[in-house]
Amino acid sequence: MAEERRRSEERRLPELPGASAGAVVLRLPPEPSGYMHLGHAFHGLINYLYREKYGGFLWLRFEDTNPRKVRAEYYDSYREGFRWCGVKWDAEKNNSDDMDLYYSYAEMLLELGGLYVCSCSQEEMAKQRAEGAECSHRSMDASWHMEKWDRMLSGAMREGEAVVRFKGDLQSQNTALRDPVLFRVVEHPHPLKGDRYTVWPTYDFAVAIQDAVCGVTHVLRTSEFMFRDELQDQIRQRLGLRNPVYVEYSRFEFEGTPLSRRRIRELIEQGIVRGWDDPRLGTVAAARRRGFTPEALREFVKSYVALTPSRKLYSWDLLYAINRRVIDPKTPRLFFVPDPRRVVLKNPMAVKVSVPLHPSADMGSRALEVGDTVFIPGRDADLLKPGDRVRLKYLTNIRILDRVEGGIVAEAEGGGPEPGLQVIQWVPEKSHRLEVIVPGMLFRGEVPDPQSLSTVSGLVEAYEASVPVGSAVQFERFGYCVKDAAGVYIFTHP
RNA sequence: GCUCCGGUAGUAUAGUCCGGUCAAGUAUGCGGGCCUCUCGAGCCCGAGACCCGGGUUCAAAUCCCGGCCGGAGCACCA
């Protein structure tokens, strides 16, 4: 009985601490500065799944307060990526929309002595922070800081000349609290705001304010931000703003597949991969192109992703299995013959067989017209000796008579499937060439594997021409593939 | 180096907060079988784990201490 219950138990998301239905506000904070990868997709799905679970509210909020990193095209690529994943958000904003708000909060804190303007060099500051030492600017009075702040805003201070710092605890074990920089001058146009602002908040300030003004109740993020919690909380505390609950978990890693945007960018720049949607990559564009479905991603997150701080290194097999379950019932079967060998039939058939597009689902059929020649995979042909028998699926059993240059001579015996008789796929003479790009594991250890992308070429039955680009098929005894372009498929998984 | 956080089968997870129902559940992968006109799907069976050492307790995967191993952070990036 207990056994029974355990088996049928469905996987669910764990409760969020302190969450109640209808009162959960979450946020999805991408920085529009690079390619969206599966990690972003998972974060999106996690937030969205919780939004659904509690009937809460989800913000899509672009963390775009570093004009030098942000690029306009990425805003939309994230929107598109999340949309494709099935993530729906209730409202959207950019951190860069609220510059005046940051300024007014900064002024409040400057008056209260919670912030100070500092013109130490970066090197000096690093040294002081490491030693826990205070600089001369820290103890100046509020009016001095206000004046400098006004000069910063007016553009009189150039980049690097002055920053605004948090008056924290220079001795703190948590170095994030040792008077971090909260505003700096950036003389670089912003893709959305142009030259309107040169004084930009850093991550900690912008996030602290935004999470409060968005009414965020739960911050779900990766644990590398762990050390910022206290800082962000203190910033809000000084402003009388409410703090959220943090749920922090380790980042997601996939075997042999780097997810860091920096590393992906390097691979592209070095020409190791063919672009940001190279099927070996862990980008959302690659996953999509390769034939992974949003349903599978969602199921994966729901059932196999834990919000825990322990290291996770997922193997692709799990995603394959889930994706297979999603696509199998709706994916048509076709015959593709890699590395084809000619089989000449001593007794020509001259038949047209109609074969089903799917073994169980009602998807209709396709026709194959056979004369005296068929092609079978080299892998199978190489094992056949005169006298051997094999079944050409849906067509006939054949007996090998002879091996000749470039193929096999066989005799069609007719008949049906027999127990123990191997069934193989084949294509008729009237078939066309096809290439399948097979992505492998990009990394073996530390170095990229140059052999990780291979191409299998072969013959496919004529019906293939009618498959639309972007849709999936299963090439029997080969695997699931997606049509990438005319004559080119990408191997999804077995 | 300093600080913080982790450690359940090959992998991902459930269980850990509130010790007994855990001789540890699930999925995937692996081995075997059945079924099937695919090496796919489905069904059945099997092997496989509480990092190590102490302690507390009638009882420890669960609590405490130490060790080992792993990860993260130490930016005018986010």
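For the numbers below, each heavy atom of this structure counts, side chains included, while hydrogens, waters and symmetry mates do not. Protein chains get the first letters and strands the later ones, always in sequence-line order, with residue 1 at the start of each.
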Parallel under 30°, tilted from 30 to 60°, perpendicular over 60°: which one fits the rings of Trp149(A) and Tyr103(A)? perpendicular
By nearest atom, which of the nucleotides C76(B), C5(B), G73(B) is closest to the Pro309(A) side chain? C5(B)
Taking the side chain of Arg228(A) as its heavy atoms from C-beta onward, which of C74(B), C4(B), G70(B) lies nearest to it? C74(B)
Which nucleotide in the list C37(B), A78(B), U13(B) gets nearest to the side chain of Lys393(A)? C37(B)
May I ask you to say what Arg261(A) touches in the nucleic acid, namely base, sugar-phosphate or nothing, with a heavy-atom cut-off under 4.0 Å? nothing
Over all strands shown, is Tyr480(A) touching base, sugar-phosphate only, or nothing at heavy-atom distances under 4.0 angstrom? sugar-phosphate
Per Ser315(A) side chain, nearest of listed nucleotides A75(B), U11(B), G29(B): U11(B)
Of the non-hydrogen atoms in Arg138(A) and Leu170(A), which two are nearest, and what is the gap between them? NE-CD1, 3.5 Å
When rounded to whole Å, the CD to P distance for the pair Glu159(A) and C76(B) reads 13 Å
Which whole number of Å gives the distance between the C1' atom of C22(B) and that of G66(B)? 27 Å
Evaluate Phe205(A) against Phe183(A) for ring pair (Phe, Tyr, Trp, His ring centres under 6.0 Å), listing each step before the verdict. CA-CA 8 Å; Phe205(A) 196 77; Phe183(A) 285 92; 4.9 Å; yes
Same-atom distance (P) from C63(B) to G20(B), integer angstrom: 11 Å
Interatomic distance at C1', U36(B) relative to U26(B), whole Å: 27 Å
Tell me: CZ of Arg324(A) to C1' of G42(B), nearest whole Å? 13 Å
What integer distance in Å separates Glu224(A):CD from G70(B):P? 20 Å
Tell me whether Arg68(A) at atom CZ has more than 12 heavy atoms from other residues, nucleotides or ligands lying less than 6.0 Å away. yes
Nucleic acid footprint by protein, nucleotides 43-51 of chain B - heavy-atom cut-off 4.0 Å, B for base, S for sugar-phosphate alone: ---------
Looking at Phe42(A) versus Phe300(A), is the centre-to-centre ring distance below 6.0 Å? yes
Short side-chain N/O contact to U28(B) OP1/OP2 from Arg325(A), under 4.0 Å: yes
Grab the two heavy atoms, one from Tyr197(A) and one from Trp200(A), that are nearest each other, plus how far apart they are. O-NE1, 3.3 Å
Using a 4.0 Å heavy-atom cut-off across all strands, classify Gln474(A) as base, sugar-phosphate, or nothing. base
Whole-Å gap separating P (U28(B)) and NE2 (His493(A)): 13 Å
Want to settle it: does Arg184(A) or Pro14(A) sit nearer the 5' end of RNA chain B, counting the closest nucleotide to each? Pro14(A)
Closest of C39(B), U38(B), A75(B) to the Asp380(A) side chain is C39(B)
Which pair of non-hydrogen atoms, one from Gly34(A) and one from Tyr78(A), has the smallest distance, and what is that distance? O-CE1, 3.5 Å
Measuring only the C1' atom in each nucleotide, how far is C76(B) from G71(B)? A whole number of Å is fine. 28 Å
Say you pick atom P in G54(B) and the same atom in U16(B); how far apart are they, in whole Å? 26 Å
Looking at C74(B), G29(B), A72(B), which one has an atom nearest to any side-chain atom of Thr175(A)? C74(B)
Please report the C-alpha distance between His43(A) and Tyr249(A) in whole Å, then the side-chain angles of each, then the deciding distance to 0.1 Å, and finally whether the ring pair (Phe, Tyr, Trp, His ring centres under 6.0 Å) criterion is met. CA-CA 10 Å; His43(A) 292 302; Tyr249(A) 40 90; 5.6 Å; yes
Is it true that Tyr75(A) and Asp64(A) share a donor-acceptor pair across their side chains at a distance under 3.5 Å? yes
Taking atom C1' in both A59(B) and G55(B), compute the distance separating them and give it to the nearest angstrom. 15 Å
Whole-angstrom distance between G19(B) and C2(B), as gauged at atom C1': 36 Å
Could a donor-acceptor pair under 3.5 angstrom be found where the side chain of Arg333(A) meets the base of C37(B)? no
Which nucleotide wins on minimum distance to the side chain of Tyr304(A), given the candidates A27(B), U38(B), U28(B)? A27(B)
In whole Å, what is the span from the CD atom of Glu248(A) to the P atom of C4(B)? 16 Å
Figure out the CZ/C1' separation between Phe491(A) and G40(B), and round it to whole Å. 11 Å
cation_pi(Lys93(A), Trp59(A)) dist<6.0 Å, angle<=45: yes
From A78(B), C4(B), C39(B), pick the nucleotide closest to the side chain of Phe227(A)? C4(B)
Positions of residues 197-210 of chain A (non-hydrogen atom under 4.0 Å from RNA chain B), listed by number: Thr202(A), Tyr203(A)
Looking for any heavy atom pair under 4.0 Å, which part of the strands does Thr65(A) touch: base, sugar-phosphate only, or nothing? sugar-phosphate
Should the pair Arg325(A) and Tyr320(A) be classed as cation-pi, given the thresholds of under 6.0 Å to the six-membered ring centre and 45° from the axis? no
Taking pairs as Watson-Crick (N1-N3 plus N6-O4 or O6-N4) or G-U wobble (N1-O2 and O6-N3), each distance under 3.5 Å, the stems of three or more consecutive pairs with RNA chain B are B:1-7 with B:68-74, B:10-13 with B:25-28, B:30-34 with B:42-46, B:51-55 with B:63-67
Which listed nucleotide (U38(B), C77(B), C4(B)) is nearest to the side chain of Met226(A)? C4(B)
Euclidean distance for P, G7(B) against U13(B) (whole angstrom): 11 Å
Nearest whole angstrom, please: distance from the P of U36(B) to the OH of Tyr394(A). 14 Å
In whole angstroms, how far is the C1' atom of G42(B) from the NE2 atom of His358(A)? 12 Å
Should we say atom CZ of Arg129(A) is surrounded by more than 12 heavy atoms from elsewhere, each under 6.0 Å from it? yes
Under 3.5 Å donor-acceptor pair, Glu255(A) side-chain atoms to U11(B) base atoms: no
Looking only at C76(B), U3(B), U38(B), the nucleotide nearest the Pro359(A) side chain is U38(B)
When the aromatic ring centroids of Phe375(A) and Trp426(A) are compared, is their separation below 6.0 Å? no
Closest-nucleotide 5' rank along RNA chain B - winner of Arg391(A) and Lys312(A): Lys312(A)
Take atom CH2 in Trp276(A); do more than 12 heavy atoms of anything else shown fall under 6.0 Å from it? no
Whether Phe478(A) and Phe491(A) hold their rings parallel, tilted or perpendicular, with breakpoints at 30° and 60°: perpendicular
